[in-house]
Number of protein chains: 2
Amino acid sequence: MFAAQLDLTSATATGMHNRHGDGSSVAEQRLPSATVRRLIAKEHVFCEGDDREQVFQVEEGVIAVYKTLPDGRRQIIDFAYPGDLIGLGILDEHVLSAQATVPSKVKCLSAAALERIAESDARLALKLYKSVCHELAATRSLLITVGQRSAIERVCAFLVALHRRTAGAESATVDLAMRRSDIADLLGLTIETVSRTLTKLRTMGVIDIAQGGTRVQLCDLARLTDLANE
Amino acid sequence: MFAAQLDLTSATATGMHNRHGDGSSVAEQRLPSATVRRLIAKEHVFCEGDDREQVFQVEEGVIAVYKTLPDGRRQIIDFAYPGDLIGLGILDEHVLSAQATVPSKVKCLSAAALERIAESDARLALKLYKSVCHELAATRSLLITVGQRSAIERVCAFLVALHRRTAGAESATVDLAMRRSDIADLLGLTIETVSRTLTKLRTMGVIDIAQGGTRVQLCDLARLTDLANE
DNA sequence: CCCGCCTGTTACACACTCTTACAATTCGTC
DNA sequence: GACGAATTGTAAGAGTGTGTAACAGGCGGG
């Protein structure tokens, strides 16, 4: 959900200057002032089947976006970090669920208002388009990881992606702001395999694990990238 | 790539009626008249790294959109059927490759022209947005299949999806317009497992295979859907 | 018409990952 | 600071899926 980092404020601001000949005066409307919701760990932002009344922008924490099979198996589609938008779509119902992995904050936006404005504001519509394009790229990348890579390659790819996404280039440390089970459900592995693999990487000297298993130091980023088979 | 079935002609036609205050007269331009390209089986539409000069709309046949790892492993992201758009994105280079699985025809459209028009035409931009949303939904669905389902569930899910996508509700037959290796690379399995699983489904009486393994009759669609764990 | 190539199928041994069970750690509470 | 519950980590057997390889069938070229 990398590109979902659009600045909605500026998008709607420019939208106000557009003029259309198709009679859509709704372009003049501003997005209603957004409210912020605080979430505790494991609390849901929305669930599959809920009315899609709102779209959310992550402000703090991490939100896991996932889908569950009838028998309970869960596939996490993406982790959303601050700046990312979740809940975009074209249906009236959410087709995915979203829950915080750690205490988080999300900005709540009216889905109807956002999409009404986009109908006449090409810039906003294009921003939404590009956001979803980035999200698509991330999902494809995960699909390749899950479809083709081995357990160790998956974990390495995850760590590298997490590093690119959350850490500055200078820092070689990533914060695992989620449980082993979340990582397992993202990568299509089990908790135990994730655990084993992290231990193996530590034994190999590629990473170091601290703070009760939540903080990972990437000792050898080049090796890690290589192991990920990127 | 289901929703990529947008009617570009109408989109650009309505685009001609828009008026914008930001000085973008490019909205007046029409999309250059599209040329049609014929492809033989296995011929590439574009490759990863190619300049993204064109976007393509499938007219006939099936196009496999895929990505390869450095060591040659291949993950097919999606099969594109007539009406689907391929090559959309935000970068100047293609990040994926696309090749025909059977003799096909694609309409070639200028990517630059399409995206230039979208900059001032909210309707076209919104259509692109919705197209990518549908593509995203399909990719997510595949991710769940590959990440969580067993071999037999994957094959069943593939057959059900193919049926929904290509066959009318009345017909219980699907045409496998691709090789076993293509299905394997889509589902994250090996050729052998795909072959074994299809045989198993035939033995179970759920499907029947005809025409040299290219045509599959879904004898028990309910059972098939159940086996897919949808 | 025969031959060779490509694709698809089947068999078997192995490797990987999963399941189960148990140990260790962390966190909340007293 | 200590206890107990919940979560996480580790170890060993079980199962699934994979790779190798051999064989069958279809298609096109010689």
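Naming: A, B, ... by sequence-line order, numbering from 1 per chain.
Counting to the nearest Å, the P atom of C:dC6 and the CZ atom of B:Arg180 are 19 Å from each other. Between the CZ atom of A:Arg179 and the P atom of C:dT26 there is a distance of 16 Å, given to the nearest Å. One can place CG of B:Asp185 at 12 Å from P of C:dG8, the figure rounded to the nearest angstrom. What separates NZ of B:Lys42 from P of C:dC6 is a distance of 8 Å, to the nearest Å.
Partners of B:Asp71 under the salt bridge (charged side-chain N to carboxylate O under 4.0 Å, His left out) rule, at least two apart in sequence or in another chain, are B:Arg73. A:Arg223 is linked by a salt bridge (charged side-chain N to carboxylate O under 4.0 Å, His left out) to nothing, counting only residues two or more places apart in sequence or in another chain.
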Sub-3.5 Å pairs of nitrogen or oxygen atoms, protein against nucleotides 24-28 of chain D:
none

What N/O pairs connect the protein and nucleotides 13-23 of chain D at under 3.5 Å? Give each pair on its own line.
| residue | atom | partner | partner atom | Å |
| --- | --- | --- | --- | --- |
| D:dG17 | OP1 | B:Ala151 | N | 3.0 |
| D:dT18 | OP2 | B:Thr193 | OG1 | 2.5 |
| D:dG19 | O6 | B:Arg196 | NH1 | 3.2 |

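Checked against B:Ile183 for a side chain to side chain contact (heavy atoms under 4.5 Å, CB included), the options B:Thr193, B:Val194, B:Leu159 give a single hit: B:Val194.
Inter-axis angle, ends of the helix from C:dC1-D:dG30 to C:dC30-D:dG1, five pairs per end, rounded to 10 degrees: 40°.
Between B:Asp78 and B:Arg165 there is no salt bridge, since none of the side-chain N atoms of the basic residue sits less than 4.0 Å from a carboxylate O of the acidic one.
Among the protein residues, B:Lys200 comes within range of no part of the nucleic acid, since none of its heavy atoms lies under 4.0 Å from any strand. Here A:Ser181 lies out of heavy-atom contact (under 4.0 Å) with every strand.
A:Lys67 is not listed as a side-chain neighbour of B:Gln148, based on a closest heavy-atom distance of 4.5 Å or more.
Screening residues 191-201 of chain B for salt bridge (charged side-chain N to carboxylate O under 4.0 Å, His left out) gives no qualifying pairs among residues at least two apart or on separate chains.
In this structure, CG in B:Leu189 is found 13.0 Å from CZ in B:Arg180, a value given to the nearest 0.5 Å.
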